[in-house]
Participant: 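Got a structure here, written out as structure tokens. Questions coming.
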Amino acid sequence: MDERKTMFSGIQPSGDLTLGSYMGAIRNWVDMIDDYNAYYCIVDMHAITVRQVPADLRRRTMEQLAQYIACGLDPHKVTLFVQSHVPAHAELGWVLNCYTMFGELSRMTQFKDKSAENINGGLFTYPALMAADILLYQPDYIPVGSDQKQHVELCRDVATRFNNIYGDVFTIPQAYIPRVGARIMSLTDPTSKMSKSDKDPNGCVHLLETPEEIMRKFKRAVTDSDTSENCVRYDPAEKPGVANLMQIYSCATGESFDEIEKEFLGRGYGAFKTAVGEAVVEQLRPIREETKRILADKAYLESVYRMGAEKAAATANKTLRKVYKKLGFVAR
Ligand code: TRP
């Protein structure tokens with residue numbers, strides 16, 4: 001029997017993966033690959049809560065899968081799959097909608113932030129589907145960025161409510177927020193998270209971008225408002241731009257903040273930004289090349305997502321059947 005703890009996480013294919021997705025999420029998943037029984041899902045059903053161009057959604061889903069593999073997520077060690085390939089997500093999602101309160105959903109900050117236009121029902125009930133994603137696999141930990149903590153809390157509340165009525169059906173999972181690289185910020189606005197759906201293309205670096213594009217973005221990255229100081233020093237409150245670049249450089253090279261400060265003593269922001277750009281280019285180069293190679297092999301990618309869906313469905317259906325039985329649904 002597998003004694004390891006279980007992990008589950010998902011990323012929406014709503015934009016191209018960024019350096020933030022890599023340093024904040026995927027790289028940590030790779031580091032934990034042998035220690036956990038892990039499920040990593042491409043949550044395409046969540047992505048359609050915001051209008052998508054169908055061809056782009058399809059392309060990004062395949063690219064995301066290829067990038068997971070290229071980053072080191074071996075599909076024979078972890079379960080990689082596409083949410084819409086496992087119908088149990090939609091099915092348990094509906095059930096949990098009936099155990100999630102209007103008031104709870106109304107308090108979600110992500111809903112409030114995204115509610116400027118196209119306020120559809122799916123956007124509102126998104127956290128119930130996310131709870132279903134998670135609870136189907138009975139995981140112990142949910143590695144997510146700090147922005148998703150509220151959704152995981154809601155998932156725990158819903159699972160606890162359900163267990164209180166029907167007995168121990170769900171494992172109550174815990175959010176697992178990584179310490180390093182948890183929050184890579186925008187290069188142009190270091191007070192907001194680097195996001196794949198950012199309006200400003202200069203704020204974020206995509207995993208598949210060319211070295212030239214990456215260098216250009218780092219060279220124009222915001223350092224601090226008082227550029228006269230021109231000194232590389234870790235001070236997130238006063239110099240969030242410099243702190244963010246140090247965080248990125250540290251993730252790419254393994255150097256500590258102290259070592260970085262020493263390395264760039266008296267060398268100024270210009271030299272530092274170039275060095276950060278070069279370190280990132282070198283870190284992403286093999287990932288970009290490997291992604292291209294994998295994307296060209298469509299049959300291989302298909303075999304990966306089929307295998308993933310099969311493995312995921314086996315676990316998910318077990319939980320779903322248990323839930324249906326508890327609810328009083330007649331077994332077919
Ligand atoms: N809501 C997450 C995000 O926007 C994506 C997501 C969907 C997710 N289902 C999940 C993350 C389950 C972790 C677990 O980033």
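As a basis for the values below, the full set of heavy atoms in this structure was taken, side chains included, without hydrogen atoms, waters or symmetry mates. Just so you know, residue 1 is the first one in the sequence shown, and it goes up from there. Both ligands and their constituent atoms are indexed starting at 1 by order of listing.
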Participant: Answer yes when R59 and E63 have at least one side-chain N-carboxylate O distance shorter than 4.0 Å, and no when they do not.
Facilitator: yes
Participant: Going hydrophobic residue to hydrophobic residue with side-chain gaps under 4.5 angstrom, can you get from F218 over to V281?
Facilitator: yes
Participant: Could you tell me if the side chain of I11 sits less than 4.5 Å from the side chain of V43, heavy atoms only?
Facilitator: no
Participant: Side chain, backbone, both or neither: which part of V144 has a heavy atom under 4.0 Å from ligand 1?
Facilitator: side chain
Participant: What is the nearest protein non-hydrogen atom to atom 11 (C) of ligand 1, stated with its residue, atom name and distance?
Facilitator: G10 O, 3.4 Å
Participant: Output the rest of the hydrophobic cluster of L129: all Ile, Leu, Val, Met, Phe, Trp and Tyr residues reachable through side-chain heavy-atom contacts under 4.5 Å, sorted by chain and number.
Facilitator: M45
Participant: Where's the contact between L129 and ligand 1, heavy-atom distance under 4.0 Å: side chain, backbone, both or neither?
Facilitator: neither
Participant: Compute the shortest N/O to N/O distance between Q12 and ligand 1 and return yes if it is under 3.5 Å, no if not.
Facilitator: yes
Participant: Describe, in one word, how the ring planes of F8 and Y137 are oriented to each other, choosing from parallel (under 30°), tilted (30 to 60°) and perpendicular (over 60°).
Facilitator: parallel
Participant: So which heavy atom in the protein is nearest atom 1 (N) of ligand 1, and how far is it from that ligand atom?
Facilitator: Y126 OH, 2.7 Å
Participant: Could you tell me whether D35 and R4 make a salt bridge, using a distance below 4.0 angstrom between a side-chain N and a carboxylate O?
Facilitator: no
Participant: Which atoms of ligand 1 sit under 4.0 Å from any heavy atom of V43?
Facilitator: 7 (C), 9 (N)
Participant: Would you check whether H151 has a nitrogen or oxygen atom less than 3.5 angstrom from a nitrogen or oxygen atom of ligand 1?
Facilitator: no
Participant: Provide, to 0.1 Å, the distance between atom 2 (C) of ligand 1 and the closest protein heavy atom, together with that atom's residue and name.
Facilitator: Q148 OE1, 3.3 Å
Participant: Heavy-atom contacts with F8 under 4.0 Å: which atoms of ligand 1 show up? List them by number with element.
Facilitator: 12 (C), 14 (C)
Participant: Which of the numbered atoms in ligand 1 are under 4.0 angstrom from any heavy atom belonging to D133?
Facilitator: 7 (C), 9 (N), 10 (C)
Participant: Please determine, by modelled atom types, if D224 and Y269 share a side-chain donor-acceptor pair under 3.5 angstrom.
Facilitator: yes
